[in-house]
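Just below is one structure, and these are the notes that go with it.
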Amino acid sequence: LRPESYSALPVEGRIGQEIIGRNIAATVHNVYASHHISSSVGTLGVRTVDYYSKGYWIVIDATYGTLVESSQMKGLLRAGSTQTGIRANVGDESTLPYALQPGLQYRSVLVFEVPTMGHVMELALLNSFKDERTGAVMDPPLDSQVTVEIPPQSVQERSRIVIDRSRVR
């Protein structure tokens, strides 16, 4: 078999469309951009933490889930020549659940940081696969990768994005 046979197979869609792959489904509802995010953190003693970027925070409101088997999921955002992963350290609201359970839908915000705006961006969501033999985490072989093109005119630019309980307010 050729090496490319083992990579995730892209399933493309657009904002507002439910995109369904073999073991992943996702819908991007809205996309926001700002230099400043305010996020609620904590469960009992909730407080607001501000995060600033010299570039832009890209906040994606999405629903996602697995269909067949439990899996972790990872997100990647490509903007121009930059590719970045989800910023898990931006408040409590920007992290994915450890393992998505089949048939359940999860809705949250996915937070990324990019140096510039104006490019067509592309969001890729895919399941993570851990090889039990080697312990290596990789893209799932022969699984789907949901890909959403985000044109600049679809991005709602704000002076500040407020994230509260996995929602943009």
Side-chain angles (χ1 to χ4, degrees), residues 8 10-19 24-66 71-101 104-130 137-139 145-169:
V11 180
E12 298 176 355
R14 61 186 182 285
I15 295 173
Q17 173 188 12
E18 182 180 30
I19 307 158
I24 188 170
T27 304
V28 171
H29 303 287
N30 291 294
V31 180
Y32 306 91
S34 182
H35 297 287
H36 178 196
I37 292 176
S38 293
S39 179
S40 301
V41 295
T43 51
L44 297 176
V46 177
R47 68 187 200 295
T48 301
V49 177
D50 291 307
Y51 300 91
Y52 296 90
S53 174
K54 291 181 181 176
Y56 287 88
W57 294 113
I58 304 298
V59 178
I60 299 176
D61 174 19
T63 301
Y64 46 85
T66 58
S71 176
Q72 288 183 284
M73 191 177 71
K74 68 178 181 176
L76 301 170
L77 183 71
R78 187 172 21 258
S81 61
T82 302
Q83 180 170 298
T84 184
I86 295 171
R87 290 291 301 266
N89 62 340
V90 179
D92 291 344
E93 308 297 338
S94 61
T95 56
L96 295 167
Y98 178 73
L100 305 177
Q101 298 304 313
L104 297 179
Q105 294 283 309
Y106 300 84
R107 185 165 181 174
S108 70
V109 294
L110 310 175
V111 178
F112 301 88
E113 188 175 16
V114 296
T116 61
M117 283 283 297
H119 305 285
V120 171
M121 295 182 285
E122 183 179 86
L123 173 69
L125 297 174
L126 59 159
N127 296 314
S128 291
F129 170 76
K130 184 173 183 179
V137 177
M138 61 187 93
D139 297 351
Q145 169 183 302
V146 168
T147 304
V148 181
E149 184 177 283
I150 304 169
Q153 64 271 21
S154 297
V155 179
Q156 300 175 43
E157 211 166 327
R158 295 185 174 182
S159 59
R160 179 175 73 134
I161 299 171
V162 178
I163 301 172
D164 182 31
R165 292 176 180 72
S166 297
R167 296 279 198 266
V168 173
R169 305 283 182 214

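All values reported here derive from a predicted model rather than from experimental measurement.
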>> Tell me the closest heavy-atom pair linking Ala79 and Met121, and the distance in Å.
In response: CB-CG, 3.7 Å

> With sequence neighbours excluded, what pairs up with Thr84 under the side chain to side chain contact (heavy atoms under 4.5 Å, CB included) test?
Replying inline: Leu77, Phe112, Val114

>> For Glu149, give me all partners under side chain to side chain donor-acceptor pair (under 3.5 Å), at least two apart in sequence or on another chain.
In response: none

> Which residues pass the salt bridge (charged side-chain N to carboxylate O under 4.0 Å, His left out) test with Arg107, sequence neighbours left out?
Replying inline: Asp61

> If you measure from CD on Glu113 to OG1 on Thr82, what distance do you get to the nearest 0.5 Å?
Replying inline: 10.5 Å

> Hey, mind stepping through Ser38 and Asp50 against side chain to side chain contact (heavy atoms under 4.5 Å, CB included) and telling me if it holds?
Replying inline: CA-CA 4 Å; Ser38 293; Asp50 291 307; 2.4 Å; yes

> In Å, rounded to the nearest 0.5 Å, how long is the span from CZ of Arg14 to CD1 of Ile150?
Replying inline: 14.0 Å

>> Could you work out, with side chain to side chain donor-acceptor pair (under 3.5 Å) as the rule, every residue matching Thr48, not counting sequence neighbours?
In response: none

> How many angstroms lie between CD1 in Ile161 and CZ in Arg169, if you round to the nearest 0.5 Å?
Replying inline: 14.0 Å

>> Just to verify, what does Glu18 make a side chain to side chain contact (heavy atoms under 4.5 Å, CB included) with, not counting sequence neighbours?
In response: Ile20, Ala25, Thr27

>> My understanding is that only residues two or more places apart in sequence, or in another chain, count here; which of them pass side chain to side chain contact (heavy atoms under 4.5 Å, CB included) with Val11?
In response: Ile19, Ser144

>> Do Val111 and Trp57 make a side-chain contact, defined as non-hydrogen atoms from C-beta onward lying under 4.5 Å apart?
In response: yes

> Where do Pro10 and Thr147 come nearest, in terms of heavy atoms and distance?
Replying inline: CB-OG1, 4.2 Å

> For His36, what residues pass the ring-ring contact (aromatic ring centres under 6.0 Å, His included) criterion, not counting sequence neighbours?
Replying inline: Tyr52

> Where do Arg158 and Ser34 come nearest, in terms of heavy atoms and distance?
Replying inline: O-OG, 2.9 Å

> Residues two or more places apart in sequence or in another chain: which of them pass side chain to side chain contact (heavy atoms under 4.5 Å, CB included) with Pro151?
Replying inline: Gln153, Ser154

>> To the closest 0.5 Å, what do you measure between OG (Ser71) and CG (Leu100)?
In response: 6.5 Å

> With sequence neighbours left out, what residues match Thr63 under side chain to side chain donor-acceptor pair (under 3.5 Å)?
Replying inline: His29

> Just how far is it from atom CZ of Arg87 to atom CD1 of Ile37, taken to the nearest 0.5 Å?
Replying inline: 9.0 Å

> Side chains of Asn30 and Val168: does their closest heavy-atom pair fall under 4.5 Å?
Replying inline: no

>> Run Leu110 and Tyr64 through side chain to side chain contact (heavy atoms under 4.5 Å, CB included) and show every step you take.
In response: CA-CA 11 Å; Leu110 310 175; Tyr64 46 85; 4.3 Å; yes

> Can you tell me how far the CG atom of Leu125 sits from the CD1 atom of Ile24, to the nearest 0.5 Å?
Replying inline: 5.5 Å

> Residues in ring-ring contact (aromatic ring centres under 6.0 Å, His included) with Tyr56, at least two apart?
Replying inline: His35

> What are the two closest non-hydrogen atoms of Ala26 and Val146, and how far apart are they?
Replying inline: CB-CG1, 4.1 Å

> Short question: side chain of Tyr106, backbone of Gln101 - any donor-acceptor pair under 3.5 Å?
Replying inline: yes

> What residues, two or more places apart in sequence or in another chain, satisfy side chain to side chain donor-acceptor pair (under 3.5 Å) together with Glu122?
Replying inline: Arg78

